[in-house]
Every structure is written in structure tokens, then in C-alpha cells.
Amino acid sequence: MPKRSKASSSDTDLLDNTSVCIWSNAMDDALIDAFYHERTLGNRVDGTFTAHAIDNIVKEMQSKFPDKVFTNERVPNQTRNIKIKFSKCYDTFQNGMSGFAWDSNTNMTNAESEAKPEAAEWRNKPIRDFDKLIELYGRDRATGK
């Protein structure tokens, strides 16, 4: 099999699509906004976003961040990462914890100094887009009932 001396443009495109994408807070915010918008358009059926919604979100992310590569796999993967972090926080506070209150101005929980160990990690950590994430995923949480 002959060796190629130069990478073809399709090889370069493949490398770009498989390269690691470092997500910034602005990218996460735009992603959550895009999912929220698709939800309001009715492109979420039985708790699952449609393929059309994912296509729209990928296009929107590409238009907002033209220097990044977004795919129909990469967008849901990042959404899963966001949901995992949100779920951990939401599950900690869903039934209300004495001494904790959500402050939407700072996007942080206000906690008394004797915070419970399971909630201590959220004491000084902002939770970006928490209100939107509750709308998108809070009701999808299993309750054990």
C-alpha cells in the first residue's frame, strides 16, 4: 500500500472532529440556553430532545463559536457532563436542608458555618444556570417512589 506524503483535507477534518474540545463557561451557558430554547419550541418529547433539536443546537453552537467543532455526539456528551454535576447538587438540596438557601444573584447556596458534610462542597461554589437546569432536568429526577 503506497504511503501518502501529505495529509489530505479529509484527514485534517477528521483530526479536527476528534480533537478534544475544552468547554468554557460561556459555551456551557450557550448550550444550556439552546436546550432551553428548543424545549420552549416543543422539541422535547417525553423528556428526550428530538434529533431535530440536537441538529438545531449544533448549528447554533457552531454559529456562536466558529473556532470550535461541535457534533451531534459532542453536544449530548457535554450535556451529560452538565447534568451529572447538576444532579449531584440537586439531589443534595432537593428536599431542603436546614441552614441552606439558594441565592440567584450569586448562583450559590448560602450556608451556615456548620454545613452538613454532603453539602459542604457546594458552599462556596457557584452553580451556573441552576434555575434553567431545574426547568430542563429537575423534574426528570428519580424519586425512589
Side-chain angles (χ1 to χ4, degrees), residues 4 6-113 115-145:
R4 289 188 267 176
K6 287 183 167 181
S8 69
S9 64
S10 63
D11 290 339
T12 305
D13 292 341
L14 180 62
L15 290 174
D16 288 342
N17 285 333
T18 59
S19 64
V20 174
C21 180
I22 305 299
W23 287 77
S24 67
N25 287 339
M27 291 166 64
D28 282 345
D29 292 345
L31 181 63
I32 292 165
D33 287 343
F35 272 100
Y36 196 82
H37 179 72
E38 289 298 320
R39 177 184 157 268
T40 61
L41 294 176
N43 291 329
R44 186 176 188 199
V45 179
D46 295 328
T48 302
F49 285 93
T50 65
H52 179 69
I54 301 299
D55 290 341
N56 290 344
I57 292 166
V58 167
K59 289 175 190 171
E60 184 174 338
M61 294 299 290
Q62 287 173 334
S63 71
K64 288 184 178 181
F65 303 95
D67 60 323
K68 302 289 184 182
V69 176
F70 297 97
T71 65
N72 287 15
E73 293 81 29
R74 189 169 276 173
V75 164
N77 286 344
Q78 181 61 12
T79 304
R80 262 189 298 284
N81 292 335
I82 291 169
K83 277 180 72 171
I84 288 168
K85 291 175 190 172
F86 163 75
S87 296
K88 186 175 179 183
C89 176
Y90 183 79
D91 290 347
T92 301
F93 295 104
Q94 76 176 354
N95 296 323
M97 280 191 153
S98 178
F100 288 88
W102 175 251
D103 183 344
S104 58
N105 293 326
T106 62
N107 290 324
M108 293 173 49
T109 56
N110 291 328
E112 295 174 358
S113 59
K116 293 186 169 87
E118 66 270 19
E121 75 175 279
W122 304 108
R123 187 162 182 225
N124 296 312
K125 183 188 270 185
I127 307 162
R128 302 179 61 82
D129 302 304
F130 190 72
D131 295 329
K132 289 179 184 172
L133 290 169
I134 286 175
E135 288 291 318
L136 287 169
Y137 306 115
R139 293 181 182 94
D140 295 343
R141 307 291 303 138
T143 63
K145 293 180 183 178

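We number each residue from 1, following the sequence as shown.
- Using a distance-only test at 3.5 Å, with no hydrogens or angles considered, no donor-acceptor pair links the side chain of Arg44 to the main chain of Phe35.
- In this structure, Asp131 CG and Leu136 CG are separated by 11.0 Å, a value rounded to the nearest 0.5 Å.
- Between Gln78 and Asp28 the shortest heavy-atom distance is NE2-OD1, 2.8 Å.
- Side-chain contact between Asn81 and Trp23 is absent, with no heavy-atom pair separated by less than 4.5 Å.
- More than 12 heavy atoms of other residues, nucleotides or ligands sit less than 6.0 Å from atom CG of Asp67.
- His37 and Asp33 are not linked by any side-chain donor-acceptor pair at a separation below 3.5 angstrom, with hydrogens and angles left out of the test.
- Of all heavy-atom pairs between Pro76 and Thr71, the closest is CD-O, 4.3 Å.
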> For Arg74 and Asn77, what are the C-alpha separation, side-chain angles and deciding distance, and is it a side chain to side chain donor-acceptor pair (under 3.5 Å)?
Replying inline: CA-CA 5 Å; Arg74 189 169 276 173; Asn77 286 344; over 6 Å; no
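- The aromatic rings of Tyr137 and Phe86 are tilted relative to each other, their planes meeting at an angle between 30° and 60°.
- Taking the side chain as every heavy atom from C-beta outward, Arg39 and Phe49 approach each other to under 4.5 Å.
- Note that CD1 of Ile134 and NZ of Lys132 are 13.0 Å apart. Values are rounded to the nearest 0.5 Å.
- Residue Met27 comes nearest to Met61 through the heavy atom pair O-CE, 3.4 Å, listed as atom of the first residue, atom of the second, then distance.
- In this structure, CG in Asn43 is found 8.5 Å from CD1 in Ile57, a value given to the nearest 0.5 Å.
- Between the CD atom of Glu135 and the CD1 atom of Ile32 there is a distance of 13.0 Å, given to the nearest 0.5 Å.
- Within the 4.5 Å cutoff, the side chain of Val58 has heavy atoms near those of the Gln62 side chain.
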